[in-house]
Amino acid sequence: AVANIGVVGLAVMGSNLARNLASREGNTVAVYNRSRSKTDELLAEHPEAGFAPAFTYEEFAATLTKPRTAIIMVKAGAGTDAVINALVEVFEPGDIIVDGGNALFTDTIRREKAVRETGINFVGAGISGGEEGALLGPSIMPGGSDESWVTLGPILKSIAAVAEGEPCVTHIGHDGAGHFVKMVHNGIEYADMQLIAEAYDLIRRGTGKSPAEIADVFAEWNRGELESYLIEITAEVLRQVDAATGQPLVDVILDQAGAKGTGAWTVQTALNLGTPVSGIAEAVFARSLSSHPEQRAVSRDLPGPSASTGFVDDADAFIEDVRLALYASKIVAYSQGFDEIRAGAAEYDWTIDLGAVSKIWRGGCIIRAQFLNRIADAYAEAPELPVLLTAPYFVEALGRAQDSWRRIVQSAAGTGIPAPAFASSLAYYDGLRAERLPAALVQGQRDFFGAHTYKRVDRDGTFHTLWSGDRTEIEAEDTH
Ligand code: NBP
């Protein structure tokens with residue numbers, strides 16, 4: 001046995017992670033892939049890494065020092081189960097199996113339970129940052145037991161991205177906690193991308209500026225409170241010119257956004273938890289809407305607004321309004337995401353340090369941004385904060401932004417430019433603020449057709465109105 005860590009699955013993510021591990025002092029990395037060709041290729045291309053190759057699971061186990069530690073980087077789903085089953089056969093109690101793929105957290109909970117019975121530790125770890133992150137330093141969100149963190153912590157810290165001197169990894173919580181947090185990270189990423197896309201669309205259609213000019217706007221924004229990786233790459237994408245046609249690349253890319261499913265998981269899970277992640281949901285649905293060309297084709301001639309849809313009078317003022325609307329909506333999206341993590345922790349009995357989560361997202365991952373420091377500050381001050389956006393810093397920012405935010409949502413609606421994530425974030429904000437919600441009327445309707453009962457503002461108890469009788473009110477059993 002020569003290797004202190006192993007990687008199973010040598011496609012782009014696994015081979016980059018293996019190279020990252022091998023580049024760290026003191027590591028010898030065992031590598032295994034189902035089809036031999038990927039292993040051979042990696043060895044040939046990276047002799048400097050000093051990999052210890054294995055061509056069967058038995059060899060892989062024999063190559064690893066005890067307690068054996070292996071990171072699985074295969075296609076999430078059946079592939080993960082196949083590899084886990086194979087490793088359980090050749091590993092021993094005390095060894096550690098890490099799934100670094102994008103597993104659904106409920107799969108991770110199931111796998112952890114099954115593997116634990118063999119005495120082997122199982123850790124589901126969300127790894128963010130794409131192929132470059134895997135190679136140079138990802139943000140890592142490991143779940144699993146406290147014991148496995150003792151062995152795994154130093155290894156993961158050595159390969160993670162570093163933000164402000166701190167490694168972008170922390171033990172998130174037990175069993176599925178890491179993959180849950182990674183899922184919500186991806187959901188927030190969907191929302192952030194959609195909000196940026198809406199900002200671009202509003203500026204383009206509102207001011208007539210070219211993509212290259214809008215690239216300059218984003219580059220400028222990236223020097224202020226919106227500073228983030230996503231804003232930075234947005235400027236780069238908008239500046240790109242298509243070599244074949246000489247047009248802006250963004251104008252020749254088909255406008256149908258793809259998705260790999262983690263955004264949908266975030267929303268499905270939020271629905272189960274009863275957590276309103278409306279900004280994330282709008283982002284997922286905006287991608288779905290874009291990807292139905294047949295529906296869009298038959299809808300093209302639907303009537304639009306009768307008001308003039310000419311360019312705005314003061315482009316600079318409009319752009320500043322869009323910037324503030326983007327910032328406010330972004331605060332809402334992150335607040336909703338952290339709300340989902342809190343709800344998930346309560347449901348699945350995890351202790352999750354929300355401030356620590358925001359800190360490990362400052363580097364290595366797609367949503368990395370200065371902004372995350374503000375979230376860390378908010379939770380440092382009030383760890384049990386029930387709504388992130390009520391932290392003093394965000395209250396101030398929302399107060400500063402809200403007039404602009406309202407103007408932009410109004411102007412989007414008035415001119416027929418779809419801005420679903422901007423609009424729903426504002427509606428969420430106003431819903432939270434409302435002294436009274438029309439939920440009272442919904443309760444009345446539910447009582448009318450289903451005798452679902454209601455509570456009163458002025459008396460304890462549960463009540464039902466005899467709608468089909470004399471319409472007097474009676475005390476009722478609490479049914480729902
Ligand atoms: P893929 O998701 O494309 O998976 C390919 C790998 O899975 C190959 O090594 C393949 O082996 C192996 N595999 C399959 Br498929 N079925 C297997 C089985 N039954 N037994 C053993 N191995 C099997 O690779 P990737 O893009 O490198 O992603 C790896 C993981 O990382 C995924 O879970 C992904 O969701 C996650 N992730 C990806 C990114 C990203 O930016 N790409 C970011 C973050 C997380 P073979 O060579 O023999 O076919």
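Scope of the values below: all heavy atoms of this structure, side chains included, with no hydrogens, waters or symmetry mates. We count ligands from 1, going down the list as the structure has it; atoms in each ligand are counted the same way.
- Every pair passing side chain to side chain donor-acceptor pair (under 3.5 Å) that includes a residue from residues 375-389 is listed here, sequence neighbours excluded: Arg374-Asp377.
- Under the side chain to side chain donor-acceptor pair (under 3.5 Å) criterion, the residue pairs touching residues 342-359 are Asp175-Trp350, with sequence neighbours excluded.
- Within the structure, every pair that satisfies the side chain to side chain donor-acceptor pair (under 3.5 Å) test and touches residues 81-96, not counting sequence neighbours, is listed here: Lys66-Glu92, Arg68-Glu92, Arg68-Asp95, Asp81-Arg110, Asp81-Arg111.
- Ile360 and Val169 get closest at one heavy-atom pair: CG2-N, 3.4 Å.
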Output, in order, the C-alpha distance, side-chain angles, deciding distance and verdict of salt bridge (charged side-chain N to carboxylate O under 4.0 Å, His left out) for Glu112 and Arg116. CA-CA 6 Å; Glu112 201 271 343; Arg116 197 189 326 138; 2.7 Å; yes
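- Using cut-offs of 30° and 60° on the angle between ring planes, the pair Phe60 and Tyr32 is tilted.
- For ligand 1, the protein residues within 4.0 angstrom (heavy atoms only) are Gly9, Leu10, Ala11, Val12, Met13, Asn33, Arg34, Ser35, Lys38, Met73, Val74, Lys75, Ala76, Gly79, Ala82, Val83, Gly101, Asn102, Ile127, Gly130.
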